[in-house]
Every structure is written in structure tokens, then in C-alpha cells.
Amino acid sequence: KAGVTQTPRYLIKTRGQQVTLSCSPISGHRSVSWYQQTPGQGLQFLFEYFSETQRNKGNFPGRFSGRQFSNSRSEMNVSTLELGDSALYLCASSPGTLPAYEQYFGPGTRLTVT
Amino acid sequence: QKEVEQNSGPLSVPEGAIASLNCTYSDRGSQSFFWYRQYSGKSPELIMFIYSNGDKEDGRFTAQLNKASQYVSLLIRDSQPSDSATYLCAPGGTGRRALTFGSGTRLQVQP
């Protein structure tokens with residue numbers, strides 16, 4: 001099976017702009033989670049989608065949003081970018097129906113905000 | 001107190017030795033525990049998971065879980081330079097809304 005794919009792999013944006021990141025899960029996986037990874041904060045949970053519904057959400061401001069499509073592909077959007085949003089954004093898919101079990105990560109999108 | 005505690009390291013071991021990576025967690029409701037390996041500049045890769053108290057072995061890797069002590073560890077036997085990476089511990093399971101990752105332990109295996 002193909003792994004989790006994320007596009008784009010690298011992105012440079014200016015403060016105040018918005019960005020959309022895309023994730024395609026492993027075939028058959030219906031749960032998709034998004035994480036932000038920074039050197040200072042580590043891996044932090046953003047949100048999780050299952051069958052097109054946001055099932056869980058982390059402690060991030062409303063500027064961070066996402067959605068999931070009927071084919072389980074997911075997008076996340078960050079509006080009004082801030083310098084502190086520079087990070088590696090990781091998408092992970094899960095084969096089960098429960099959120100906090102084995103997850104498989106994509107390669108990530110490296111976002112730089114200038 | 002952080003929900004997941006790991007020694008940041010670096011933990012340095014010679015090639016061929018046993019590397020022992022430790023993780024403590026605060027949520028007694030955690031039922032499943034996942035170990036991820038992350039090479040520099042790469043994404044985390046799932047290498048082990050354990051659900052029951054005791055040991056679980058997979059090749060050179062052994063995960064050990066002690067729920068009473070809220071402690072999980074990962075042993076890497078016959079460590080190789082290619083094992084040099086950051087190892088992340090993540091408790092999860094039914095009732096939790098997401099995996100919570102520790103900050104990771106950086107392992108360096110010296111040739």
C-alpha cells in the first residue's frame with residue numbers, strides 16, 4: 001500500500017497570508033489527524049477527522065481549521081499566518097475507528113512564515 | 001507535570017550495546033503505548049506498540065509496560081549507528097481523544 005502523502009512538501013509564506021495543506025491517507029484509513037511540530041513545543045495535536053467529521057480538536061486558535069472529504073483526503077488551512085506558525089505540519093492516518101491508536105505519518109509539509 | 005515525560009538525552013551508547021529508552025505518563029486511563037522513531041528532518045515512524053503489562057519483542061526491539069508504575073520503556077539490542085534518531089513515546093487508547101507525544105529522547109549510537 002502507498003503511504004500517507006502530503007503536499008506541498010515545502011512552503012514559504014508571508015505573515016498575514018493564508019495557506020492550505022493537503023493530506024491523502026493510506027488507502028482504507030478513515031481517520032486523519034494533523035500535528036504541528038516545532039523544536040520548542042514538540043509534536044502537538046491540531047485536530048482529527050473521521051468520516052468527514054471533526055471528531056477531536058487540540059488547543060490551537062481558530063485560525064487553524066481543517067476538513068475531510070468523502071474519499072478521506074484531508075486539508076488543513078491556516079489563516080492570517082504568524083511568524084510562530086513556522087513549523088513542520090504532519091498528517092497521520094489510522095486504520096481503526098478510534099482516535100488514539102496506531103497512526104502512520106506522512107512526510108510532512110515544512111511551512112516557513114517570513 | 002507534563003503528561004508524558006522523556007529524558008531528552010542525548011543518550012549515547014556504543015555500537016552493539018543495549019539502549020534503554022524510558023517514558024513515564026500521568027494519565028492512568030492510557031491503555032495503549034506507541035513508540036515512534038524520528039530521524040532528523042524526517043517524519044515519525046511507528047516502530048512498536050504495546051497494550052498489555054509486560055514485555056513485547058519485535059526483532060531487536062523490546063517494549064516494556066508497567067501500568068501500575070505508569071512507565072513504559074523501549075530496549076534496543078545490538079544497537080547500530082542507523083538507530084541514531086529521536087524516539088518518541090505516545091500513550092493512547094480508548095477514551096483518549098488523541099495520541100499525546102513526549103518530547104522524545106535523542107539516541108546516538110557510536111561506531
Side-chain angles (χ1 to χ4, degrees), chain A residues 1 3-7 9-10 21 23-26 29 31-50 53-60 64 66 87-112, chain B residues 1-10 21 23-52 56 58 61 63 65 72 74 85-106:
Chain A
K1 278 187 180 178
V4 178
T5 59
Q6 292 187 246
T7 56
R9 294 292 311 278
Y10 303 91
L21 312 181
C23 170
S24 292
I26 293 171
H29 289 195
S31 170
V32 173
S33 298
W34 287 89
Y35 296 85
Q36 181 196 66
Q37 187 173 37
T38 59
Q41 298 297 319
L43 254 176
Q44 292 190 289
F45 172 69
L46 280 157
F47 28 66
E48 184 243 353
Y49 286 86
F50 182 82
T53 301
Q54 185 182 88
R55 190 161 57 172
N56 293 292
K57 190 176 189 305
N59 297 323
F60 278 81
F64 293 82
L88 179 66
Y89 289 89
L90 292 158
C91 164
S93 74
S94 177
T97 56
L98 297 174
Y101 281 91
E102 57 186 284
Q103 296 181 2
Y104 299 90
F105 284 87
T109 295
R110 173 76 60 185
L111 172 64
T112 302
Chain B
Q1 180 192 7
K2 287 185 178 179
E3 191 169 347
V4 183
E5 299 267 12
Q6 292 184 261
N7 188 321
S8 61
L21 306 162
C23 172
T24 58
Y25 59 95
S26 60
D27 183 358
R28 286 194 172 273
S30 299
Q31 302 168 342
S32 313
F33 301 84
F34 302 87
W35 281 99
Y36 286 81
R37 176 177 62 199
Q38 186 172 25
Y39 292 113
S40 180
K42 301 294 185 182
S43 61
E45 173 191 9
L46 178 64
I47 55 172
M48 284 285 288
F49 57 86
I50 185 166
Y51 297 158
S52 305
K56 178 182 177 183
D58 183 0
F61 298 98
L65 174 60
V72 59
L74 179 70
T86 297
Y87 290 81
L88 302 162
C89 164
T94 304
R96 294 183 62 99
R97 59 190 183 94
L99 293 181
T100 302
F101 286 84
S103 55
T105 297
R106 188 157 63 95

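To find a chain, count down the sequence lines: A is the first, B the second, and so on, and within it residues start at 1.
Residue B:Y36 touches chain A through its side chain alone, counting heavy-atom pairs closer than 4.5 Å. Using a 4.5 Å cut-off between heavy atoms, A:F45 contacts chain B through its side chain alone, with no backbone atom that close. Proximity to chain A is limited to the side chain of B:Q38, based on heavy atoms less than 4.5 angstrom apart. Using a 4.5 Å cut-off between heavy atoms, A:Q103 touches chain B through backbone and side chain atoms alike. Looking at A:L90, the atoms closer than 4.5 Å to chain B (heavy atoms on both sides) all sit in the side chain, from C-beta outward. Heavy atoms closer than 4.5 Å to chain B are found nowhere in A:F47, neither backbone nor side chain.
Here the side chains of B:K42 and A:F105 are not in contact, with every heavy-atom distance at 4.5 Å or above.
Heavy-atom pairs under 4.5 Å with chain A were tallied for B:S30, B:A90, B:P91, B:S32; the largest tally goes to B:S32.
Taking all atoms of both residues into account, the shortest heavy-atom contact from A:P107 to B:S43 is CA-OG, 3.8 Å.
Residues from residues 99-106 of chain B that place a non-hydrogen atom less than 4.5 Å from a non-hydrogen atom of chain A comprise B:L99, B:F101, given in numerical order.
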